[in-house]
Asker: 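Before I ask anything, here is the structure I am working with.
Counting starts at 1 for both ligands and their atoms, in listed order.
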Amino acid sequence: VRNSLISGNETIKMALTIAVGGRVWRKFFKTFPFRSNSALKRFPTCRANGRLYSTSSDVVLVRKDEESGIATVRMNNPPVNSLNPTLMVALRSCFEELEKDKTCRALILTSQKPKVFSAGLDILQLYQKSPDHVAQFWEKVQDMWLALYGSRLITMAAINGHCPAAGCLLGLACDYRIMAEGNFRIGLNETQLDLVAPFWLRQTMIDVIGYRQAEMALMIGALYPSDKALQLGLVDKLAPIEDVQTVAEEEVKNWLKIPDQARAITKMASRKPLLDELRRRKQEDIQTFRDETTRESVQKSIQQYLEKLKAKK
Ligand SMILES: CC/C=C\C/C=C\CCCC/C=C/C(=O)SCCNC(=O)CCNC(=O)[C@H](O)C(C)(C)COP(=O)(O)OP(=O)(O)OC[C@H]1O[C@@H](n2cnc3c(N)ncnc32)[C@H](O)[C@@H]1OP(=O)(O)O
């Protein structure tokens, strides 16, 4: 599925879309439905209206520049932006609101707390929890990823610190990654916790750094320092930590010179197969995650990992 870029029918649909001029975006969204409206209603909204705006829970801060159409989305879940249900729902809601905002053209995803972009999934949510809890948790991961990976916007990760596991998942879902120079690490270290990255996350890693490097990185659960990540193509640019945001804004401005429509259609042409595959296999993926994570041996590994984290101090 992954290798067949886009079917003949879809290519014709896209060509028609381009041909109809004024109604182009309506057709475009019909061809590539990014989100479900019913799902939107279930989540807290986060309007980006030109001033610093925070969601009801304050875990996501959004500032949109009305002139340029660039929104900066800051994760604000101290101490390490671990992705708990509240943060994931707020992120998803935020991505979807920005998607709907016709004046928004780009989003920069970053951390409010420099030195840690995100510590990945909240491990405590995976430890000694009921299968139902774990299943619901995983659906939130999927939905957050679908909203970001399937976004029509220019998406840029301003990785201003450590970026392991699901932190890296967020970065990989973006179009471009700028990371802080220095002693910060990024990668998919799931195997170190006895977890297996799901097919859609593995695929994005392969798409970004190529098969051989991705296979190796995933097997050993590698966390790379930023210079090595640059060399592998896991990130696209490095900047001093205090400049990551500015460099991201400059990069977005270059991307804004490309017409939105052609850029977004091109992006969707390459991402649609994977988006569709996850949508199709969503329940199967949830069941696998639930069954794997609640397995006794995995629970033991998670417990040991948590103990190691605590013992660090
Ligand atoms: C076929 C498919 C089958 C199955 C699928 C199964 C799995 C799919 C996997 C899905 C993909 C994603 C997985 C994940 O994201 S798992 C999370 C992995 N994350 C990590 O390994 C990072 C762990 N954290 C760190 O390394 C450091 O905290 C970090 C980020 C480098 C920052 O270091 P530092 O600033 O020194 O901060 P501390 O380590 O002191 O941490 C402060 C505080 O936060 C707690 N904490 C850290 N990380 C997490 C976390 N991820 N979840 C929950 N809590 C975390 C830490 O314990 C400290 O707590 P304290 O109470 O001691 O203050």
Asker: Not counting sequence neighbours, which residues clear ring pair (Phe, Tyr, Trp, His ring centres under 6.0 Å) with Tyr305? List them please.
Answerer: none
Asker: What about Tyr305: any of its N or O atoms under 3.5 Å from an N or O on ligand 1?
Answerer: yes
Asker: What's the shortest distance from atom 18 (C) of ligand 1 to any protein heavy atom, and which residue and atom give it?
Answerer: Ala165 CB, 3.5 Å
Asker: Would one find an N or O of Pro79, backbone or side chain, under 3.5 Å from an N or O of ligand 1?
Answerer: no
Asker: Among Ile302, Val80, Leu195, Leu124, whose heavy atom sits nearest atom 41 (O) of ligand 1?
Answerer: Val80
Asker: Scan for side-chain hydrogen bond (donor to acceptor under 3.5 Å, both in side chains) pairs involving residues 218-233, sequence neighbours excluded, and state none if there are none.
Answerer: none
Asker: Does Asp285 approach ligand 1 within less than 4.0 angstrom via side chain, backbone, both or neither, non-hydrogen atoms only?
Answerer: neither
Asker: Mind checking whether Ala119 has an N or O less than 3.5 Å away from an N or O of ligand 1?
Answerer: yes
Asker: Protein heavy atom under 4.0 angstrom of atom 10 (C) of ligand 1, is there one?
Answerer: yes
Asker: At under 4.0 Å between heavy atoms, is it the side chain or the backbone of Ile123 that contacts ligand 1, or both, or neither?
Answerer: both
Asker: Which bit of Leu309 gets closer than 4.0 Å to ligand 1, counting heavy atoms only: side chain, backbone, both or neither?
Answerer: side chain
Asker: Mind checking whether Val116 has an N or O less than 3.5 Å away from an N or O of ligand 1?
Answerer: no
